[in-house]
Q: 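I am attaching a structure below and will ask some questions about it afterwards.
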Amino acid sequence: MSVDRILLTNDDGVDAAGLRALYDALAEEYAVTVVAPAADQSSVGRLLSEDVAVEDHELGYVVDGTPVDCVVAGLDELVPEVDAVVAGCNEGANLGAYTLGRSGTVSAAVEAAFFDVPAVAASMYVPGGDDWWKREFEGADFAHAARATRFLVDEAVEAGVFDRADYLNVNAPIADEDRAPLRVTTPSTWYGLRAERNGDGRVGFSDPIWGLMNDDDVPDPVGTDRRAVVDGEVSVSPLSVPHAAEPEAGLDELAEAYGATVRS
């Protein structure tokens, strides 16, 4: 299979600089149709709306909904003839196994996998303090992510990568003058979310990993996604869709035992 036509979506919204950076990189070679949310839909996971408003856009379509809405509407109605889905580039990294299900960017790629369409989710790690998200980005900031995504779209399908993986999760450092090498990774399994009462009847949440990343002190070995971006590399994790069955979990015996209690 070769790729000619691409559906491009994201979760930061149709006007995000990261989406335009990927569009510019991919449209040099492919027929790219954007089907993207009208507004920021970060961290909505695989939320699906009952229905959505769709409007024409100079690059394709704008959907008043979530990234998953965009993929379902795109692949099943608006542009069903595409050969691949690219989601991103997200302003902020999607690293670690525990974050992936929350990400609208990654969820768009997961949804495409259920359609049996090759997909790449692309994100950019932005170091900084608690207000890093206020930074204004330009297309050049996404150069590492755009270059790696374009390369993987060019090469991975014909190389048979998607015969074994359902989608690729790409995380790149913010661009500098050097070219970032590509490292094949697995999502980090380190989990550090914390909850704390704040005194007014509420519980606040925090994740210390971002501060550790700023200090180049992550608890992850080489070969994990988080270590790669901290080391200035582009991480690409070949992943499968969630909820894969595990037939050897030992439940057959329990099912038989339960059946005995029902019959007794």
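This one's a predicted model, so the numbers in the text were calculated from it and none came from an experiment.
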Q: Rounded to the nearest 0.5 Å, how far does CG of Leu95 lie from CZ of Arg226?
A: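 One gets 6.5 Å once the value is rounded to the nearest 0.5 Å.
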Q: Using 0.5 Å steps for rounding, measure from the CG atom of Leu78 to the OG1 atom of Thr33.
A: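 One gets 9.5 Å once the value is rounded to the nearest 0.5 Å.
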Q: Can you tell whether the side chains of Arg5 and Glu81 come within less than 4.0 Å, N to carboxylate O?
A: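 Salt bridge absent between Arg5 and Glu81.
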Q: Between the side chains of Thr185 and Ser235, does any donor sit under 3.5 Å from an acceptor?
A: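 There is such a pair (donor and acceptor under 3.5 Å, judged by atom type) between the side chains of Thr185 and Ser235.
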Q: According to side chain to side chain contact (heavy atoms under 4.5 Å, CB included), who are the partners of Asp24, at least two apart in sequence or on a separate chain?
A: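 Applying side chain to side chain contact (heavy atoms under 4.5 Å, CB included) to Asp24 gives Arg20.
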Q: Would you say the side chains of Ser237 and Asp225 form a donor-acceptor pair under 3.5 Å?
A: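 There is no such pair between these side chains.
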Q: Do side-chain atoms of Arg147 reach the backbone of Ala145 as a donor and acceptor pair under 3.5 angstrom?
A: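 Here the side-chain-to-backbone pair does not exist.
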Q: Using the side-chain contact (heavy atoms from CB on, under 4.5 Å) rule, pick out the option among Val106, Val120, Val161, Val117 that qualifies with Tyr167.
A: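 The passing option is Val106.
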Q: Would you say Val71 and Val35 make side-chain contact, with heavy atoms under 4.5 Å?
A: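 Of all side-chain heavy-atom pairs linking Val35 with Val71, none is under 4.5 Å.
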Q: Between Pro67 and Ala108, what is the shortest heavy-atom contact and its length?
A: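 Taking Pro67 first and Ala108 second, the nearest heavy atoms are CB-CB, 4.1 Å.
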Q: Take Asp69 and Ser49 through the side-chain hydrogen bond (donor to acceptor under 3.5 Å, both in side chains) test and state the conclusion after the steps.
A: CA-CA 7 Å; Asp69 293 336; Ser49 304; 2.6 Å; yes
Q: Just by distance, no angles: are the side chains of Tyr125 and Asn90 close enough, under 3.5 Å, to form a donor-acceptor pair?
A: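 Note: Tyr125 and Asn90 side chains miss the donor-acceptor criterion.
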Q: Are more than 12 heavy atoms, taken from residues, nucleotides or ligands other than Asn198, located less than 6.0 Å from that residue's CG atom?
A: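 Check passes, neighbour count above 12.
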Q: May I ask you to check whether Ser240 and Asp166 show a side-chain donor-acceptor distance below 3.5 Å?
A: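 No donor-acceptor contact under 3.5 Å links the two side chains.
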Q: Which word best sums up how the rings of Tyr98 and Tyr191 line up, parallel for under 30°, tilted for 30 to 60°, or perpendicular for over 60°?
A: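 Rings of Tyr98 and Tyr191: perpendicular, as their planes differ by over 60°.
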Q: With no hydrogens and no angle check, is any side-chain donor or acceptor of Arg197 less than 3.5 Å from a backbone partner on Val203?
A: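 Checking the backbone N and O of Val203 against the side chain of Arg197, no donor-acceptor pair under 3.5 Å is found.
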Q: Could you work out, with salt bridge (charged side-chain N to carboxylate O under 4.0 Å, His left out) as the rule, every residue matching Glu155, not counting sequence neighbours?
A: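 None.
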